[in-house]
Amino acid sequence: MSNDSRVSEVRTSQSEPEREQRIFTFKATQLIWLLFGILEALIALRIGLMLIGANPASPIVALIYGFTNLFLFPFTGLVGSPAAGNMVLELSSMFAMLIYGLIAWTTERVVWLIFYRPRGPVVAVTETSTSENHTTR
(Lines give C-alpha, C1' and ligand atoms only; values in the text may rest on other atoms or scores of the structure.)
Protein backbone atom coordinates (compact mmCIF):
# COMPACT_ATOMS: atom_id res chain seq x y z
CA MET A 1 0.00 0.00 0.00
CA SER A 2 1.37 3.43 -0.85
CA ASN A 3 0.57 6.70 0.80
CA ASP A 4 0.89 9.84 -1.38
CA SER A 5 1.41 13.18 0.27
CA ARG A 6 2.25 16.49 -1.27
CA VAL A 7 3.89 19.31 0.59
CA SER A 8 3.59 22.85 -0.71
CA GLU A 9 5.72 25.66 0.56
CA VAL A 10 5.18 29.33 -0.27
CA ARG A 11 7.96 31.85 0.27
CA THR A 12 7.59 35.57 -0.24
CA SER A 13 10.56 37.87 -0.22
CA GLN A 14 10.74 41.61 -0.72
CA SER A 15 13.58 43.59 -2.15
CA GLU A 16 14.03 47.31 -2.36
CA PRO A 17 16.06 48.32 -5.40
CA GLU A 18 19.02 50.63 -4.75
CA ARG A 19 18.59 50.39 -0.96
CA GLU A 20 22.33 49.94 -0.40
CA GLN A 21 23.04 53.07 -2.47
CA ARG A 22 20.66 55.12 -0.28
CA ILE A 23 22.29 53.77 2.89
CA PHE A 24 25.75 54.67 1.53
CA THR A 25 24.57 58.17 0.65
CA PHE A 26 23.07 58.66 4.11
CA LYS A 27 26.22 57.46 5.87
CA ALA A 28 28.50 59.56 3.65
CA THR A 29 26.51 62.74 4.31
CA GLN A 30 26.44 62.01 8.04
CA LEU A 31 30.23 61.54 8.02
CA ILE A 32 30.68 64.87 6.21
CA TRP A 33 28.59 66.68 8.83
CA LEU A 34 30.40 64.92 11.68
CA LEU A 35 33.87 65.88 10.44
CA PHE A 36 32.93 69.47 9.70
CA GLY A 37 31.05 69.69 13.00
CA ILE A 38 34.17 68.64 14.88
CA LEU A 39 36.23 71.21 12.96
CA GLU A 40 33.68 73.97 13.66
CA ALA A 41 33.60 73.06 17.35
CA LEU A 42 37.39 73.22 17.61
CA ILE A 43 37.49 76.61 15.87
CA ALA A 44 34.75 77.89 18.19
CA LEU A 45 36.72 76.57 21.17
CA ARG A 46 39.79 78.40 19.85
CA ILE A 47 37.80 81.64 19.56
CA GLY A 48 36.59 81.20 23.13
CA LEU A 49 40.07 80.44 24.46
CA MET A 50 41.54 83.47 22.72
CA LEU A 51 38.67 85.62 23.95
CA ILE A 52 39.33 84.72 27.59
CA GLY A 53 43.10 85.04 27.15
CA ALA A 54 43.94 81.37 27.81
CA ASN A 55 47.60 80.55 28.41
CA PRO A 56 49.05 79.37 25.04
CA ALA A 57 51.77 77.43 26.93
CA SER A 58 49.13 75.09 28.37
CA PRO A 59 49.34 71.71 26.57
CA ILE A 60 45.63 71.48 25.70
CA VAL A 61 45.49 75.09 24.51
CA ALA A 62 48.65 74.57 22.44
CA LEU A 63 47.11 71.41 20.92
CA ILE A 64 43.89 73.21 19.97
CA TYR A 65 45.76 76.21 18.57
CA GLY A 66 48.17 73.98 16.64
CA PHE A 67 45.44 71.84 15.09
CA THR A 68 43.19 74.74 14.17
CA ASN A 69 46.12 76.68 12.67
CA LEU A 70 46.15 74.06 9.89
CA PHE A 71 42.65 75.13 8.86
CA LEU A 72 42.87 78.82 9.66
CA PHE A 73 46.11 79.78 7.90
CA PRO A 74 44.26 80.75 4.65
CA PHE A 75 42.24 83.25 6.68
CA THR A 76 45.11 84.73 8.72
CA GLY A 77 45.22 88.51 8.44
CA LEU A 78 41.96 88.64 6.49
CA VAL A 79 40.50 91.17 8.91
CA GLY A 80 41.80 92.84 12.02
CA SER A 81 41.40 91.18 15.39
CA PRO A 82 40.46 93.54 18.21
CA ALA A 83 42.51 92.90 21.34
CA ALA A 84 42.51 94.05 24.96
CA GLY A 85 45.42 92.77 26.98
CA ASN A 86 45.65 88.99 26.54
CA MET A 87 42.12 88.80 25.12
CA VAL A 88 41.75 88.66 21.34
CA LEU A 89 38.60 88.44 19.24
CA GLU A 90 39.65 86.53 16.10
CA LEU A 91 37.18 87.73 13.51
CA SER A 92 39.04 85.82 10.80
CA SER A 93 38.26 82.56 12.65
CA MET A 94 34.57 83.46 12.67
CA PHE A 95 34.74 84.11 8.95
CA ALA A 96 36.53 80.73 8.52
CA MET A 97 33.67 79.01 10.39
CA LEU A 98 31.20 80.54 7.97
CA ILE A 99 33.25 79.46 4.93
CA TYR A 100 33.77 75.91 6.29
CA GLY A 101 30.05 75.64 6.99
CA LEU A 102 29.31 76.56 3.37
CA ILE A 103 31.93 74.05 2.16
CA ALA A 104 30.32 71.34 4.31
CA TRP A 105 26.86 72.12 2.98
CA THR A 106 28.09 72.17 -0.63
CA THR A 107 30.01 68.90 -0.22
CA GLU A 108 26.99 67.22 1.36
CA ARG A 109 24.71 68.40 -1.46
CA VAL A 110 27.15 67.20 -4.16
CA VAL A 111 27.43 63.74 -2.55
CA TRP A 112 23.64 63.63 -2.30
CA LEU A 113 23.15 64.61 -5.95
CA ILE A 114 25.71 62.14 -7.27
CA PHE A 115 24.93 59.07 -5.19
CA TYR A 116 21.31 59.28 -4.04
CA ARG A 117 18.78 57.08 -5.79
CA PRO A 118 15.09 57.76 -5.12
CA ARG A 119 13.05 55.10 -3.49
CA GLY A 120 11.33 52.88 -6.02
CA PRO A 121 8.56 50.38 -5.62
CA VAL A 122 9.24 47.44 -3.34
CA VAL A 123 9.54 44.27 -5.40
CA ALA A 124 7.85 41.22 -3.91
CA VAL A 125 8.75 37.76 -5.17
CA THR A 126 6.59 34.78 -4.30
CA GLU A 127 7.93 31.27 -4.83
CA THR A 128 5.85 28.14 -4.52
CA SER A 129 7.51 24.76 -4.35
CA THR A 130 5.78 21.42 -4.20
CA SER A 131 7.46 18.21 -3.23
CA GLU A 132 6.01 14.74 -3.36
CA ASN A 133 6.81 12.24 -0.68
CA HIS A 134 6.06 8.57 -1.36
CA THR A 135 6.13 6.21 1.52
CA THR A 136 5.61 2.48 1.19
CA ARG A 137 4.40 0.26 4.00
Side-chain angles (χ1 to χ4, degrees):
M1 177 175 186
S2 76
N3 183 7
D4 291 335
S5 64
R6 290 185 180 194
V7 176
S8 293
E9 183 178 351
V10 178
R11 288 186 183 160
T12 302
S13 62
Q14 293 183 344
S15 67
E16 190 178 326
E18 314 246 353
R19 181 174 186 263
E20 291 80 20
Q21 189 77 21
R22 278 192 302 283
I23 291 172
F24 168 79
T25 304
F26 176 74
K27 288 187 181 281
T29 57
Q30 292 302 306
L31 182 62
I32 289 166
W33 284 120
L34 175 66
L35 294 176
F36 279 100
I38 291 170
L39 178 60
E40 296 268 324
L42 287 172
I43 293 172
L45 187 57
R46 174 194 175 102
I47 292 170
L49 289 171
M50 294 203 86
L51 196 57
I52 62 171
N55 180 8
S58 168
I60 190 71
V61 174
L63 178 70
I64 292 169
Y65 286 178
F67 183 77
T68 54
N69 278 337
L70 294 170
F71 296 95
L72 296 176
F73 80 88
F75 304 98
T76 303
L78 184 67
V79 294
S81 297
N86 290 354
M87 300 180 292
V88 178
L89 177 59
E90 272 193 334
L91 296 175
S92 60
S93 294
M94 292 180 184
F95 184 74
M97 288 180 70
L98 175 69
I99 297 300
Y100 282 126
L102 290 172
I103 290 171
W105 178 80
T106 303
T107 305
E108 187 264 346
R109 289 286 87 197
V110 167
V111 166
W112 192 261
L113 286 172
I114 292 173
F115 296 109
Y116 182 73
R117 299 293 177 262
R119 190 174 210 150
V122 175
V123 178
V125 177
T126 303
E127 298 176 9
T128 304
S129 60
T130 304
S131 62
E132 295 183 17
N133 293 331
H134 297 285
T135 55
T136 308
R137 289 187 187 197

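All residue numbers in this chain count up from 1 along the given sequence.
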Please assess Met97 against Leu39 for the test side-chain contact (heavy atoms from CB on, under 4.5 Å), listing each intermediate value before the final yes or no.
CA-CA 9 Å; Met97 288 180 70; Leu39 178 60; over 6 Å; no

Before you tell me yes or no, could you show the steps for Ile99 and Phe75 under side-chain contact (heavy atoms from CB on, under 4.5 Å), namely the whole-Å CA-CA distance, both residues' side-chain angles and the distance that decides it to 0.1 Å?
CA-CA 10 Å; Ile99 297 300; Phe75 304 98; 3.9 Å; yes

Hey, could you give me the [atom1]/[atom2] distance between [X] and [Y], rounded to the nearest 0.5 Å?
| X | Y | atom1 | atom2 | result |
| --- | --- | --- | --- | --- |
| Phe36 | Leu31 | CZ | CG | 10.0 Å |
| Tyr100 | Thr107 | OH | OG1 | 11.5 Å |
| Ile43 | Ile38 | CD1 | CD1 | 12.5 Å |
| Thr68 | Leu63 | OG1 | CG | 9.0 Å |

List in chain and number order the residues that pass salt bridge (charged side-chain N to carboxylate O under 4.0 Å, His left out) with Glu40, two or more places apart in sequence or in another chain; answer none if no residue qualifies.
none

Would you find a donor on one side and an acceptor on the other, under 3.5 Å apart, between the side chain of Gln21 and the backbone of Phe115?
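Indeed, once roles are kept as given, a pair shorter than 3.5 Å links the two residues.
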
Are the side chain of Ser58 and the backbone N or O of Ala54 linked by a donor-acceptor pair below 3.5 Å?
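Checking the backbone N and O of Ala54 against the side chain of Ser58, no donor-acceptor pair under 3.5 Å is found.
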
Side chain to side chain contact (heavy atoms under 4.5 Å, CB included) partners of Leu45, counting only residues at least two apart
Leu49, Ile64

Greater than 12 external heavy atoms within 6.0 Å of Asn86's CG:
no

CH2/Trp112: more than 12 non-hydrogen atoms of other groups inside 6.0 Å
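Check passes, neighbour count above 12.
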
Stepwise side-chain contact (heavy atoms from CB on, under 4.5 Å) check, Ile47 with Met94:
CA-CA 8 Å; Ile47 292 170; Met94 292 180 184; 3.7 Å; yes

For Ser92 and Val79, which heavy atoms make the closest approach, and how far apart are they?
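The answer is N-CG2, 3.7 Å.
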
Using the rule given for side-chain contact (heavy atoms from CB on, under 4.5 Å), can you reason through Trp105 versus Trp33, listing the C-alpha separation, both sets of side-chain angles and the distance that settles it, and then say yes or no?
CA-CA 8 Å; Trp105 178 80; Trp33 284 120; 4.0 Å; yes

Identified side chain to side chain contact (heavy atoms under 4.5 Å, CB included) counterpart of Arg46 within the set Asn69, Leu51, Val61
Asn69

